[in-house]
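Heads up, the thing below is written out as structure tokens.
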2 protein chains.
Amino acid sequence: MVKAQDTETQILDAARRVFIRKGLSGARMQEIADEAGINKALLHYYFRSKEKLFDVILRETFAKIFPSLPDLMINPQLTFRESLTKFVDGYITAIQHNPFLPAFVINEINQNPDKIAQVFETIGFDGAKIKQVQEVLPQRLGLSKEKTREVIVTVISLCVFPFVGKPVLKTLLFDNDDKAFEAFLEERKARVVEIAMSMIQS
Amino acid sequence: MVKAQDTETQILDAARRVFIRKGLSGARMQEIADEAGINKALLHYYFRSKEKLFDVILRETFAKIFPSLPDLMINPQLTFRESLTKFVDGYITAIQHNPFLPAFVINEINQNPDKIAQVFETIGFDGAKIKQVQEVLPQRLGLSKEKTREVIVTVISLCVFPFVGKPVLKTLLFDNDDKAFEAFLEERKARVVEIAMSMIQS
DNA sequence: AATTATTTTAACCATATGGTTAATTTACTG
DNA sequence: CAGTAAATTAACCATATGGTTAAAATAATT
């Protein structure tokens, strides 16, 4: 049983790469097996079916892409501005390391919205925690529930969209210059905080 | 030849629905044929292959989702605020009528970024027009090229992201209340303008 | 009406694909 | 080391899938 854990990990690594690149319907079990350097039957031996394997990856990816939003409010040692800066910085940096995750999640969730409930539970975002976010954050910001939602949607939109829209934005605004686009994302971290703060003050 | 045009339209209507719902790899020629109420061979008779049919839909969809950005600057009778309001309003409304287009475009373009050049040309966004946007708009706003990009990315992010992130946002912030989410989008039209304007003034 | 051209369909075809199985190899245990 | 359990593989299988074809139906032309 020395190789068991190892094989499982190899499969997950390969599956992650292939699923994120091609999506559920675009991925091929044979391709995953090849990329893992193992026999295709092993995929079923360890994970039973394509769907099951996919679900593991989807949940795992979800966990990566939903950083602890609660951190935004739970830490009372920091001012809100500091919390927000930390959040935006960490979030954009995380996506920079996995730039294809957002498009992957968006696509698969839109394809199968019913999965969202289970997936959220898997990562510990149950109803209780959701309510917590919905109630504690407005209190801390001294804003209405509605206004708080505005701020959250704004922050997330600004952090995530540039990554999913990258091919188009790069073509339209950056003359396909990768370096320039990366630099832009870097500057954005501070800018997003400014935009959000100005919403709160007004 | 009375039915020719009609059949072609029926195929396109069906293909649009299926491709946008399932994407290129998820769509099935048989499903498109069934939805169009015709024999599968007709799909190939009219459009040769799945890819060719898909490309027609992708280009068409692209045209829908890239409204005349140039309008933002060409019309000098309006103040910039008025232009922007018109743009944001029109853009969000357009997406409201086709809420799945953004996720579709994002997914397919990320899957195949090389297609972006041809697709852009098809809708008349050639190099010349792109340069025009990049140069005229900063001039009109009295901002640097960089700052102008910030504003554009912000506006597009804020307009588009809520639609692609809808399942997640609805669960997380709106207790899955569709009505509430729609109302939020409606309010957003004005809010997005405010955010963009405050960026310009500072 | 007869002939020709176009449109439509049913039946196929080759291949791809997710999944299974029986046998083989490797690792573990007494 | 023999025997058992777990891991791995090659060969299959049933079905789905994009695409083709030859014949039938419909429309256009003379």
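Predicted, not measured: the structure shown is a model, and the values here were computed from it.
Crowding of F100(A) atom CZ: a count of heavy atoms from other residues, nucleotides or ligands under 6.0 Å not exceeding 12. Heavy-atom contacts from other residues, nucleotides or ligands closer than 6.0 Å to CD of Q96(B) number more than 12. By the neighbour-count criterion of 12 heavy atoms within 6.0 Å, atom CD of Q139(B) is sparsely surrounded, having that number or fewer from other residues, nucleotides or ligands.
A salt bridge links D13(A) to R16(A): one of the charged nitrogens lies within less than 4.0 Å of a carboxylate oxygen. Ion pairing between K22(A) and E31(A) holds under the 4.0 Å rule for side-chain N and carboxylate O. Taking the charged nitrogens against the carboxylate oxygens, D34(B) and R28(B) have no contact shorter than 4.0 Å, which rules out a salt bridge.
For DNA chain C, each stem of at least three Watson-Crick or G-U pairs (distances under 3.5 Å) is given as range with range: C:1-30 with D:1-30.
Applying side-chain contact (heavy atoms from CB on, under 4.5 Å) to D55(A) and the options E60(A), K50(A), K115(A) leaves one that passes, K115(A).
Taking the six-membered ring for Trp, F161(A) and F161(B) have ring centres at least 6.0 Å apart.
Under 4.0 angstrom from either OP1 or OP2 of dT8(D) there lies at least one side-chain N or O belonging to T7(A).
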Could you write nucleotides 9-25 of chain C as a row of B, S and -, 5' to 3', where a protein heavy atom under 4.0 Å of any base atom gives B, of only sugar-phosphate atoms gives S, and otherwise -?
BB------SBBBB----

